Number of protein chains: 2
Amino acid sequence: MNEQEFLAAYDPGAYPSVAVTVDVVALTIRDGVLHLLLIRRGEQPYAGRWALPGGFVRPDEDLSAAARRELAEETGLDGEPLRRVHVEQLASYGAPDRDPRMRVVSVAHLAFAPDLPDATAGTDAAEATWVPVTELDNRQLAFDHGQIVTDGLERARSKLEYTPLATRFLAPEFTIAELRAVYETVWGDQLHAGNFHRKVLSVPGFVESTGASTERGGSRGGPRSRLYRAGDARLLHPALLRPAREEAVR
Amino acid sequence: MNEQEFLAAYDPGAYPSVAVTVDVVALTIRDGVLHLLLIRRGEQPYAGRWALPGGFVRPDEDLSAAARRELAEETGLDGEPLRRVHVEQLASYGAPDRDPRMRVVSVAHLAFAPDLPDATAGTDAAEATWVPVTELDNRQLAFDHGQIVTDGLERARSKLEYTPLATRFLAPEFTIAELRAVYETVWGDQLHAGNFHRKVLSVPGFVESTGASTERGGSRGGPRSRLYRAGDARLLHPALLRPAREEAVR
DNA sequence: CGGAGAACATCTCAAGCTGAGAAGAACCTA
DNA sequence: TAGGTTCTTCTCAGCTTGAGATGTTCTCCG
């Protein structure tokens, strides 16, 4: 039997069937607070509970395309603004009992978005909103989405260390102070302004100067700041390390 | 309709069916050379080609359990030796056309194993062998396994930087020189012996002394070396960074 | 049996980087 | 205009890094 004959005779039903979904941990920063996109489920199971945006992967759709589509559906985003959102694969979650309906393997994705307009409820969702991550403790998310969010946040914090993805939370042109605010928001730590400034400018390809400055100083005073745009580095070398966290090591 | 009624009426066939497999990038070091476990496929498609060990996830099986099972089947490993193998999720691969038979999403895993006995051919496989990664360029792997291996190797190299996983390539007790050999093998770079020694001992929880020394010196001379075992750190802080690779940054 | 060569473990030193503080100037609000 | 805030740059001590050297222990081979 050659390959063509084999494929013609092949019966897909012979293998155990599993549903594959994508879920998206979409992060943005609004008013200096890290927000996560959540959907209030309109259907069983977990009707009324908050959950990550996501859904079934379509037959001819790539995993990352499915993640972008779900994100677009829930946020109403399209075109250039959607292109500016960074989406990467996070991990897959496939415990046999994670969905009471049937065996579902979810390929979770992580998205970094600049400050976005209010979310638009999609087809499957009763409601879609940006929720501050500090308020997540109170909400019991559906399925294993609590774990997925925890993993996504840790990944996001870690990615800021060695990639320039912090710029993805900002407009195309930004100041060093705005960039520092992203790090402080995601890491939940105050950083030394002077040292941060020195470090950012010393990492090759992290940011490049536009030559311009802001029109006005900060709202509470201070001089105008210079504007930068993202450079061409894909990795920060050397990295910007988080303040040491003893407890995380052991 | 409450949740119970909903589940009773639920029809799993209503959703697009996808097969979910696991594939394993299993690495070990034999005679100072990094080896990858490969299977020669006995069936269509890609019959006769080399491929990663892997297979369908069973209905009640966790993803990581499936990866360990596939690894056990192909290596003949069991019990304590199998427990000593580190297995972690790598990424999922789900391009619509990656398998000509049907839509298959593969959850790839990465395994670090101490020097293992020769592989035993499993049920699906015509042949299973450890192949030096330097010889991979010549072989056209089945499916998208070439890409998976590339991603796995990069992940392995990177993981050595900030986790103590290098110890997983070694016996429970090892010398600093053996540990250094792991880094040199995986990174493909010579390291400064003195500096490596200083660094390893200075990272809290990386290794702990057993008090003992080797029975003999090295095969080509030199004093006996002290023996260490893995410490309790899960992250190396500060990390052991690879020699800078300019080209990797942009 | 003895010398050559190899490797372990430690030390030295210059260069670079980091964290902490400070200072000058620009700018906002009141 | 005064006071407070922020941007940006500078200083400096302490630490880490990379490179080389040293003394010692051991194996191999003649």
Side-chain angles (χ1 to χ4, degrees), chain A residues 32 160-162 170 173-185 187 189-204 206-228 236-246 249, chain B residues 32 160-162 170 173-185 187 189-204 206-228 236-246 249:
Chain A
L160 291 206
E161 294 191 310
Y162 60 94
L170 297 171
E173 299 200 349
F174 51 85
T175 69
I176 302 284
E178 288 166 346
L179 187 61
R180 175 163 49 83
V182 170
Y183 277 89
E184 291 178 336
T185 300
W187 285 351
D189 252 324
Q190 291 287 108
L191 301 178
H192 184 292
N195 291 342
F196 183 84
H197 201 107
R198 174 182 61 189
K199 181 80 192 218
V200 166
L201 294 186
S202 79
V203 174
F206 190 3
V207 299
E208 56 186 38
S209 174
T210 65
S213 295
T214 52
E215 288 296 316
R216 297 176 42 91
S219 61
R220 294 193 293 176
R224 302 175 184 186
S225 22
R226 283 174 221 166
L227 286 168
Y228 297 84
L236 303 185
H237 196 81
L240 280 94
L241 298 178
R242 276 178 275 189
R245 306 140 292 144
E246 270 309 320
V249 173
Chain B
L160 291 205
E161 294 190 309
Y162 60 95
L170 298 171
E173 300 200 350
F174 51 84
T175 68
I176 302 283
E178 287 167 346
L179 187 61
R180 175 163 47 84
V182 170
Y183 277 90
E184 291 178 336
T185 300
W187 285 351
D189 252 324
Q190 291 288 109
L191 301 178
H192 185 292
N195 292 343
F196 182 84
H197 202 270
R198 173 181 62 188
K199 181 79 191 220
V200 166
L201 294 185
S202 79
V203 175
F206 190 2
V207 299
E208 57 187 36
S209 174
T210 65
S213 294
T214 51
E215 288 295 316
R216 299 178 38 93
S219 61
R220 293 192 292 177
R224 302 172 183 189
S225 23
R226 284 175 221 165
L227 286 168
Y228 297 83
L236 303 185
H237 197 81
L240 280 93
L241 298 177
R242 276 178 276 188
R245 305 140 291 143
E246 270 309 319
V249 173

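Throughout, a chain's letter reflects where its sequence line sits, starting with A, and its residues are numbered from 1. Since we're looking at a predicted model, the values are computed, not measured.
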Between [atom1] on residue [X] and [atom2] on residue [Y], distance to nearest 0.5 Å:
| X | Y | atom1 | atom2 | answer |
| --- | --- | --- | --- | --- |
| Leu201(B) | Phe196(B) | CG | CZ | 9.5 Å |
| Arg226(B) | His197(B) | CZ | NE2 | 7.0 Å |
| Glu173(A) | Leu227(A) | CD | CG | 5.5 Å |

Report task. Pull out every residue in residues 208-219 of chain B that has a heavy atom closer than 4.0 Å to any atom of DNA chain D, ordered by number, or say none. Result -> Arg216(B), Gly217(B), Gly218(B), Ser219(B)
Requested in this report: Nearest-nucleotide wise, let me know which of Leu241(A) and Arg220(B) is further upstream toward the 5' end of DNA chain C.
Outcome: Arg220(B)
Report summary line: Correct closest heavy-atom pair for Pro243(B) and Asp189(B) would be CG-OD2, 3.8 Å
Query - Least distance between heavy atoms, Asn195(B) atom then His192(B) atom - result: N-ND1, 2.9 Å
Requested in this report: Report the residues that fulfil side chain to side chain donor-acceptor pair (under 3.5 Å) with Glu208(A), sequence neighbours left out, ordered by chain and then residue number.
Outcome: Arg229(A)
Integer-rounded Å distance: [N] [atom2] and [X] [atom1]:
| X | N | atom1 | atom2 | value |
| --- | --- | --- | --- | --- |
| Glu184(A) | dT6(D) | CD | P | 11 Å |
| Leu179(B) | dC8(C) | CG | C1' | 15 Å |
| Arg242(A) | dG19(C) | CZ | P | 14 Å |
| Arg224(B) | dT27(D) | CZ | P | 7 Å |
| Leu236(A) | dC17(C) | CG | C1' | 16 Å |
| Gln190(A) | dG19(C) | CD | P | 15 Å |
| Glu178(B) | dC8(C) | CD | P | 9 Å |

Report summary line: Of dA25(C), dT25(D), dA9(C), the nucleotide closest to the side chain of Pro223(A) is dA25(C)
**Report entry** Residues which pass side-chain contact (heavy atoms from CB on, under 4.5 Å) with Leu241(B), listed by chain and number, not counting sequence neighbours
**Finding:** Glu161(B), Ala239(B)
Query - Any Arg226(A) side-chain nitrogen or oxygen under 4.0 Å from OP1 or OP2 of dT9(D) - result: yes
Query raised in the report: Do Tyr228(B) and Val200(B) come within less than 4.5 Å of each other through their side chains, counting heavy atoms only?
Result: no
Query raised in the report: Do Lys199(B) and Leu240(B) have side-chain heavy atoms sitting under 4.5 Å apart?
Result: yes
Query raised in the report: Pro243(B) or Tyr228(A): which one's nearest nucleotide on DNA chain D is closer to the 5' end?
Result: Tyr228(A)
Query raised in the report: If you fit an axis to the five pairs at each end of the helix from dC1(C)-dG30(D) to dA30(C)-dT1(D), how big is the angle between those two axes, to 10 degrees?
Result: 20°
Taking distance alone, no hydrogens or angles, what donor-acceptor pairs closer than 3.5 Å link side-chain atoms of residues 176-184 of chain A to residues at least two apart or in another chain?
unit_1: Glu178(A); atom_1: OE1; unit_2: Thr175(A); atom_2: N; d: 2.9
unit_1: Tyr183(A); atom_1: OH; unit_2: Leu160(A); atom_2: O; d: 2.9
unit_1: Glu184(A); atom_1: OE2; unit_2: Leu191(A); atom_2: N; d: 2.9

Requested in this report: Taking only heavy atoms on the protein side, list every residue of residues 191-199 of chain B lying under 4.0 Å from any atom of DNA chain C, sorted numerically.
Outcome: Gly194(B), His197(B), Arg198(B)
